Amino acid sequence: MARLTSVGTNGRADIMCGRFSRWIGIEILLERFRPIVEVEYTKSYNVAPRTINPVLRSSDGVLLLSGMEWGLDLGKNRPINARAENLDTPMYRDAFLSRRAVVPVSGFYEWKDGRPYHITAGDIMTLGAIYNEINGHGSFAIITVEANDQMSDLHSRMPLIIENIEQWFGEHPPYQLVRPFDGSLDFTEVSTYVNSPRNDGEECIRPVSQTSLEDFFG
DNA sequence: CCAGACGTTGTT
DNA sequence: GTCTGG
DNA sequence: CCAGACGTTGTT
DNA sequence: GTCTGG
């Protein structure tokens, strides 16, 4: 579909969000989105695929905060990302037309040359996603688009960031929102502590320089 | 995304 | 190297 | 026609 | 469900 293929690819090697953080309090989400909450909210500095996470979705015009597994259940495969360019393929079409969601995160991680970076834009980012629901079990994939200029220093792809969730959850397929982020991102190099999915805690988002100083002064 | 396992037989 | 787990 | 696949990232 | 491969 022309509208989506215009997102394009640039062919450059690099990555996408395979890890994120969510350490804001739920009260910020409640204030900002006023959803009906049907999941036990948890904080994490190191959210990995295959974990259950709170996601926002619209059901009959009601905004719900539901628990879903990161990794879209397609039967055989469980993609954690869905390329925007493929949203009109049979595999994703129905989900994009009728099962859109956003994932509230504090930031997401990207690695370059073995070094992790934490990327934020304000206190919350809402990442565009599609989900399936099979026997009451929800699962989602985060949509990826081409990196914007800021991001392209680090990686060729980036997660889709949704700024207008009313439009995202609107009646018409929100093709116009499927594009690289046009706002400003903040990048923080962090400790490789975040590398292991078993590690959690504030150290994951601590700037690497601060970590070094604390190590130095012991 | 990164880390960690990566087999077989038989079965308290 | 490739697959699974988180 | 039926069977089988159906994804993404990166490849230091 | 739907597309591709044979």
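Letters go in sequence order (proteins before strands), and every chain restarts at 1. None of the values given here were measured: they were computed from a predicted structure.
- Here the side chain of A/Ser58 pairs no donor or acceptor atom with the backbone of A/Phe169 at under 3.5 angstrom.
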> Taking it one step at a time, do A/Ser66 and A/Arg57 satisfy side-chain hydrogen bond (donor to acceptor under 3.5 Å, both in side chains)?
Replying inline: CA-CA 7 Å; A/Ser66 310; A/Arg57 59 173 168 158; 2.9 Å; yes

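- The interatomic distance linking A/Leu74 (CG) with D/dG4 (C1') rounds to 15 Å, in whole Å.
- Judged by the 6.0 Å distance and 45° axis criteria, A/Arg100 is positioned over the aromatic ring of A/Phe96.
- Residue A/Asp113 is in base contact, counting any heavy-atom pair closer than 4.0 Å across all strands shown.
- Between the CG atom of A/Asp88 and the P atom of E/dT2 there is a distance of 14 Å, given to the nearest Å.
- D/dC6 and C/dG6 are spaced 24 Å apart, taking the C1' atom of each and rounding to whole Å.
- The CD1 atom of A/Ile80 sits 8 Å away from the C1' atom of D/dT9 (whole-angstrom rounding).
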>> Go through it in stages, so that I can follow the logic: the residues are A/Asn53 and A/Thr51, the test is side-chain hydrogen bond (donor to acceptor under 3.5 Å, both in side chains), and I'd like the CA-CA distance, side-chain angles, deciding distance and then a yes or no.
In response: CA-CA 6 Å; A/Asn53 291 277; A/Thr51 58; 3.0 Å; yes

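- Of the side-chain N and O atoms in A/Thr144, one or more sit less than 4.0 angstrom from OP1 or OP2 of D/dT9.
- Listed candidates were C/dG6, B/dC1, D/dT9. Nearest to the side chain of A/Asn81 is D/dT9.
- In this structure, the CG atom of A/Leu154 is 13 Å from the C1' atom of B/dC1, given to the nearest Å.
- Listed pair A/Asn195 / B/dA3 meets the phosphate criterion, a side-chain N or O lying under 4.0 Å from OP1 or OP2.
- The residue A/Pro90 sits close only to the backbone: its heavy atoms come under 4.0 Å of sugar-phosphate atoms, none of a base.
- Between B/dA3, B/dC1, E/dC3, one nucleotide has an atom nearer to the side chain of A/Trp111 than all others, and that is B/dC1.
- Within 6.0 Å of CD in A/Glu40 there are 12 or fewer heavy atoms belonging to other residues, nucleotides or ligands.
- Out of D/dG7, D/dT9, B/dC1, the shortest distance to the side chain of A/Pro79 is found at D/dG7.
- When heavy atoms are screened at a 4.0 angstrom cut-off, A/Tyr92 is found touching the sugar-phosphate backbone but no base atom.
- At whole-Å resolution of the value, CZ in A/Arg198 and P in C/dG6 are 10 Å apart.
- Atom CD of A/Glu85 is separated from atom C1' of D/dT9 by 13 Å (rounded to the nearest Å).
- One finds a side-chain N or O of A/Asn86 lying less than 4.0 angstrom from the OP1 or OP2 phosphate oxygen of D/dT8.
- Spacing between atom CD1 of A/Ile143 and atom C1' of D/dG7 amounts to 14 Å, rounded to whole angstrom units.
- Tested against A/Leu127 for a side-chain contact (heavy atoms from CB on, under 4.5 Å), the candidates A/Val102, A/Val55, A/Leu160, A/Ile161 yield a single pass: A/Ile161.
- Across B/dT9 and D/dA3, the matching C1' atoms stand 35 Å from one another, rounded to whole Å.
- Considering only side-chain N and O atoms, A/Arg50 lies nowhere under 4.0 angstrom from the phosphate OP1 or OP2 of B/dC1.
- Comparing B/dA3, B/dC2, D/dC6 by their closest approach to the side chain of A/Met91 singles out D/dC6.
- Here, D/dG7 and E/dT2 have their P atoms 15 Å apart, quoted to the whole Å.
- One P atom belongs to D/dA5, the other to B/dG4, and the distance between them is 32 Å to the nearest Å.
- Shown here, E/dG1 forms a base pair with D/dC6; the pair counts as Watson-Crick or G-U wobble because both key distances fall under 3.5 Å.
- Taking atom CH2 of A/Trp70 as the reference point, atom P of B/dC2 lies 12 Å away to the nearest angstrom.
- Under 4.0 angstrom from either OP1 or OP2 of D/dT9 there lies at least one side-chain N or O belonging to A/Arg157.
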